[in-house]
Amino acid sequence: MRATLAAAALVAALLTAGAAQAQDPAKDGAYRGSLVKVMDALAAGDCDGDVMTGDLLAACDTELAPVTSALQMLGAPLEVVFVRAEGEGSERIEFYEVNYSVGQILTWGLGGVEDGRFTQLSVDSD
């Protein structure tokens, strides 16, 4: 199941993680730090307007309460691992596997850069 946030909808099943910042963009992904920031904000009950475009931020605000509740059920994140990138330039989306203390692994995606902020956020529970 893949839910993509393309500036219109935020999936209520979004979950969160906090993890170490990326050190090497080629190995760790260029968007890892931003993804961690978004996931940390969601876990704290906030949408990060510094990272999200207006449409994505509006979608996040609409679904924030159920998202925050879902995040709290996962426990602490154990690691965030860069998996792959798709697209190039402003259309680039990076995917990361996040392993949570409850034993669940989710694949998060972040990308679609517009004016230094992101237009797309996704999570895949496979």
Side-chain angles (χ1 to χ4, degrees):
M1 166 192 100
R2 185 174 191 185
T4 300
L5 296 178
L10 178 66
V11 176
L14 282 178
L15 305 172
T16 194
Q21 297 293 319
Q23 296 176 1
D24 178 1
K27 178 182 165 192
D28 297 325
Y31 304 159
R32 183 177 177 172
S34 295
L35 178 63
V36 168
K37 186 176 179 183
V38 167
M39 293 188 298
D40 286 346
L42 291 170
D46 188 31
C47 297
D48 192 339
D50 292 337
V51 176
M52 298 179 186
T53 59
D55 289 342
L56 183 56
L57 182 60
C60 180
D61 286 337
T62 300
E63 298 296 329
L64 186 58
V67 169
T68 299
S69 294
L71 301 173
Q72 295 172 353
M73 296 183 338
L74 285 177
L78 302 177
E79 67 180 333
V80 177
V81 178
F82 177 66
V83 177
R84 72 183 186 284
E86 296 177 2
E88 295 187 25
S90 65
E91 298 301 314
R92 180 181 175 94
I93 301 173
E94 294 185 355
F95 296 89
Y96 300 82
E97 286 186 349
V98 179
N99 184 4
Y100 295 91
S101 63
V102 297
Q104 186 169 0
I105 297 173
L106 299 177
T107 302
W108 285 80
L110 183 68
V113 179
E114 182 179 291
D115 296 326
R117 295 184 296 166
F118 298 95
T119 63
Q120 297 182 37
L121 178 65
S122 66
V123 63
D124 184 353
S125 63
D126 287 335

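Side-chain contact between K37 and D50: present, with at least one pair of heavy atoms (C-beta onward) separated by less than 4.5 Å. No side-chain heavy atom of Y100 sits less than 4.5 Å from a side-chain heavy atom of L78.
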Let's go through E97 and T107 carefully: what are the C-alpha distance in whole Å and the side-chain angles of both, what is the deciding distance for side-chain contact (heavy atoms from CB on, under 4.5 Å) to 0.1 Å, and is it a yes or a no? CA-CA 4 Å; E97 286 186 349; T107 302; 3.8 Å; yes

L35 and L121: CA distance, side-chain angles, deciding distance, side-chain contact (heavy atoms from CB on, under 4.5 Å) verdict: CA-CA 9 Å; L35 178 63; L121 178 65; 4.0 Å; yes

After noting the C-alpha distance and the side-chain angles of T119 and L56, does the key distance pass the side-chain contact (heavy atoms from CB on, under 4.5 Å) rule? CA-CA 6 Å; T119 63; L56 183 56; 5.8 Å; no

Before you tell me yes or no, could you show the steps for L64 and L42 under side-chain contact (heavy atoms from CB on, under 4.5 Å), namely the whole-Å CA-CA distance, both residues' side-chain angles and the distance that decides it to 0.1 Å? CA-CA 7 Å; L64 186 58; L42 291 170; 4.0 Å; yes

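With values rounded to the nearest 0.5 angstrom, E91 atom CD is found 9.5 Å from E114 atom CD. In this structure, N99 CG and L74 CG are separated by 10.5 Å, a value rounded to the nearest 0.5 Å. Atom CG in L110 sits 8.5 Å away from atom OG in S122 (nearest 0.5 Å). Here I93 contributes atom CD1 and Q120 contributes atom CD; the two are 3.5 Å apart, rounded to the nearest 0.5 Å.
When hydrophobic clusters are built by joining Ile, Leu, Val, Met, Phe, Trp and Tyr residues whose side-chain heavy atoms come closer than 4.5 Å, directly or via intermediates, V102 is grouped together with L106.
Every side-chain contact (heavy atoms from CB on, under 4.5 Å) that R92 has, sequence neighbours left out, goes to Y31, F82, A85, E94.
Between R117 and G54, the closest heavy-atom pair is NH2-N, 4.3 Å. The heavy-atom pair separating A43 from T68 by the smallest distance is O-CG2, 3.9 Å. In plain terms, the two heavy atoms of M52 and C47 that are nearest each other are SD-CB, 4.4 Å.
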